[in-house]
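Single-structure report; data block below.
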Amino acid sequence: MKKQQQHPGGGADPWPHGAPVGGAPAGLGGWKRRVSLLPFLRFSLRDYGFCMATLLVFCLGSLFYQLSGGPPRFLLDLRQYLGNSTYLDDHGPPPSKVLPFPSQVVYNRVGKCGSRTVVLLLRILSEKHGFNLVTSDIHNKTRLTKTEQMELIKNISTAEQPYLFTRHVHFLNFSRFGGDQPVYINIIRDPVSRFLSNYFFRRFGDWRGEQNHMIRTPSMRQEERYLDINECILENYPECSNPRLFYIIPYFCGQHPRCREPGEWALERAKLNVNENFLLVGILEELEDVLLLLERFLPHYFKGVLSIYKDPEHRKLGNMTVTVKKTVPSPEAVQILYQRMRYEYQFYHYVKEQFHLLKRKFGLKSHASRAALRPQFFIPTPLETEEPVDDEEQDDEKWLEDIYKR
């Protein structure tokens with residue numbers, strides 16, 4: 001019987017048929033020697049510790065990334081405006097620096113928020129860049145019946161692309177009627193300033209000619225035309241009270257009847273639509289920055305817009321649309337306006353904050369062209385809302401017919 005070979009340190013030799021290739025490290029226990037029987041599984045304790053440390057760092061980094069909110073909200077919003085976000089969007093190759101080209105853009109312009117200036121620029125840009133500018137001569141029909149919505153969406157969707165459609169109309173949900181939702185843009189301004197501009201324009205027109213307002217308000221009585229703004233506000237005339245003061249939010253809330261009721265429901269729905277459907281909502285007080293961002297986001301439509309806007313000849317033409325004979329109400333009247341326009345201001349400040357955040361992303365400094373009218377002693381108070389408007393009634397458009405929307 002063959003005698004079993006003895007290991008120099010005593011005991012039986014663990015490799016009776018010869019040591020494995022490379023030999024066996026001294027001092028390792030049986031578990032480590034068994035692992036070494038398979039060459040592709042051989043590793044040291046140091047390698048094992050390094051792998052575990054790397055895994056721990058990766059897990060902690062992943063947790064920190066998730067707790068920090070992931071990618072910047074601005075990038076996620078921009079992807080939502082311009083296309084669906086996918087896994088590859090977040091983990092694939094870096095996206096192109098050239099933004100996708102939306103072939104359908106809607107500017108549902110808010111009345112007395114610089115829309116005539118912007119439309120004048122769009123007429124020049126459409127000839128320069130070759131896109132289809134689709135306008136409308138309807139200025140006092142912002143709320144539509146279901147049939148009218150379907151018809152208008154059909155007409156817009158069949159326009160030659162690329163197109164930019166513009167009209168004074170409350171937000172339209174194209175997807176509700178099976179259409180492709182376009183990219184929306186808009187501009188708003190300080191609500192009191194917008195109201196005053198509209199109030200005096202209806203009475204006295206602009207620098208294009210004082211008779212211009214006669215076309216829009218031919219039936220206005222003389223005593224109404226020269227009604228003092230303070231009397232209108234303090235005496236609670238219909239033109240200076242709700243629901244007529246609840247004007248900006250419905251352009252973003254939509255066509256639902258509750259969108260015309262001053263309250264939280266319309267406010268929150270308007271904010272939601274801004275986040276989900278509008279590429280940009282700018283502030284008129286910072287129009288040059290609005291044009292800069294439009295040129296950045298929609299170069300196929302707005303490339304070179306700022307140079308056109310700053311051209312002396314164009315500025316001279318644009319100044320002709322400034323409302324004349326405007327006066328500032330008394331502090332008491334302004335305070336009352338703010339109280340009545342509480343929700344309008346909540347929406348305005350929300351949009352302004354989002355706009356300034358967007359500007360900071362592109363290194364633009366936030367500034368206003370002039371001081372706001374808001375008095376320091378203003379204290380917000382709840383509004384008394386009007387009765388709900390029946391969507392099927394036709395007479396509820398009457399209060400809109402007296403307001404020039406441009």
Worksheet item: Glu239: what forms a salt bridge (Lys or Arg N to Asp or Glu O under 4.0 Å) with it, not counting sequence neighbours?
Response: Arg202, Arg203
Worksheet entry | More than 12 heavy atoms from other groups under 6.0 Å of CD on Glu268 | yes
Worksheet item: Between Glu148 and Arg143, is there a salt bridge with N-O shorter than 4.0 Å?
Response: no
Worksheet item: Are side-chain N/O atoms of Tyr345 and Asp190 paired as donor and acceptor at under 3.5 Å?
Response: yes
Discussion item. List the residues meeting side-chain hydrogen bond (donor to acceptor under 3.5 Å, both in side chains) with Tyr163, not counting sequence neighbours, and say none if there are none.
Written reply: Gln104
Worksheet item: What disulfide bond (SG atoms under 2.5 Å apart) pairs are there with at least one residue in residues 273-308, not counting sequence neighbours?
Response: none
Worksheet item: So, for Tyr251 and Phe171, is the gap between ring centers shorter than 6.0 Å?
Response: no
Discussion item. If the condition is side-chain hydrogen bond (donor to acceptor under 3.5 Å, both in side chains), which residues does Asn236 pass it with, not counting sequence neighbours?
Written reply: Arg340
Discussion item. Applying salt bridge (Lys or Arg N to Asp or Glu O under 4.0 Å), can you list everything that pairs with Glu223, at least two apart in sequence or on another chain?
Written reply: Arg221
Discussion item. For the residue pair Tyr343 / Glu264, report whether a side-chain donor-acceptor contact shorter than 3.5 Å exists.
Written reply: no
Item to complete: Would you please name every residue forming a side chain to side chain contact (heavy atoms under 4.5 Å, CB included) with Tyr350, sequence neighbours left out?
Response: Lys271, Asn275, Gln354
Worksheet item: Which residues pass the ring pair (Phe, Tyr, Trp, His ring centres under 6.0 Å) test with Phe252, sequence neighbours left out?
Response: Phe278, Phe347
Worksheet item: With sequence neighbours excluded, what pairs up with Glu235 under the salt bridge (Lys or Arg N to Asp or Glu O under 4.0 Å) test?
Response: none
Worksheet item: Considering residues at least two apart in sequence or located in another chain, which fulfil the salt bridge (Lys or Arg N to Asp or Glu O under 4.0 Å) criterion with Lys128?
Response: none
Practice prompt. Would you please name every residue forming a side-chain hydrogen bond (donor to acceptor under 3.5 Å, both in side chains) with Asn132, sequence neighbours left out?
Written response: none
Discussion item. Looking at Lys352 and Glu285, is any side-chain nitrogen of the basic one under 4.0 Å from a carboxylate oxygen of the acidic one?
Written reply: no
Worksheet item: Should the ring pair Phe362 and Phe297 be called parallel, tilted or perpendicular, given that the plane angle runs from 0 to 90° and is split at 30 and 60?
Response: perpendicular
Item to complete: Kindly write out the residues that satisfy side-chain hydrogen bond (donor to acceptor under 3.5 Å, both in side chains) with Ser175, not counting sequence neighbours, or none if the list is empty.
Response: Asn173
Worksheet item: Do Tyr199 and Phe204 pass the ring pair (Phe, Tyr, Trp, His ring centres under 6.0 Å) test, and can you show the C-alpha distance, the side-chain angles, and the key distance before you say yes or no?
Response: CA-CA 9 Å; Tyr199 183 89; Phe204 307 115; 8.5 Å; no
Worksheet, complete the sentence: Here the ring-ring contact (aromatic ring centres under 6.0 Å, His included) pairs for residues 108-138, sequence neighbours left out, are Phe131-Tyr301
Fill in: Geometric cation-pi criterion, Arg260 with Phe246: 6.0 Å, 45°
no
Fill in: Value rounded to 0.5 Å, distance of OG in Ser115 from CD1 in Ile187
8.5 Å
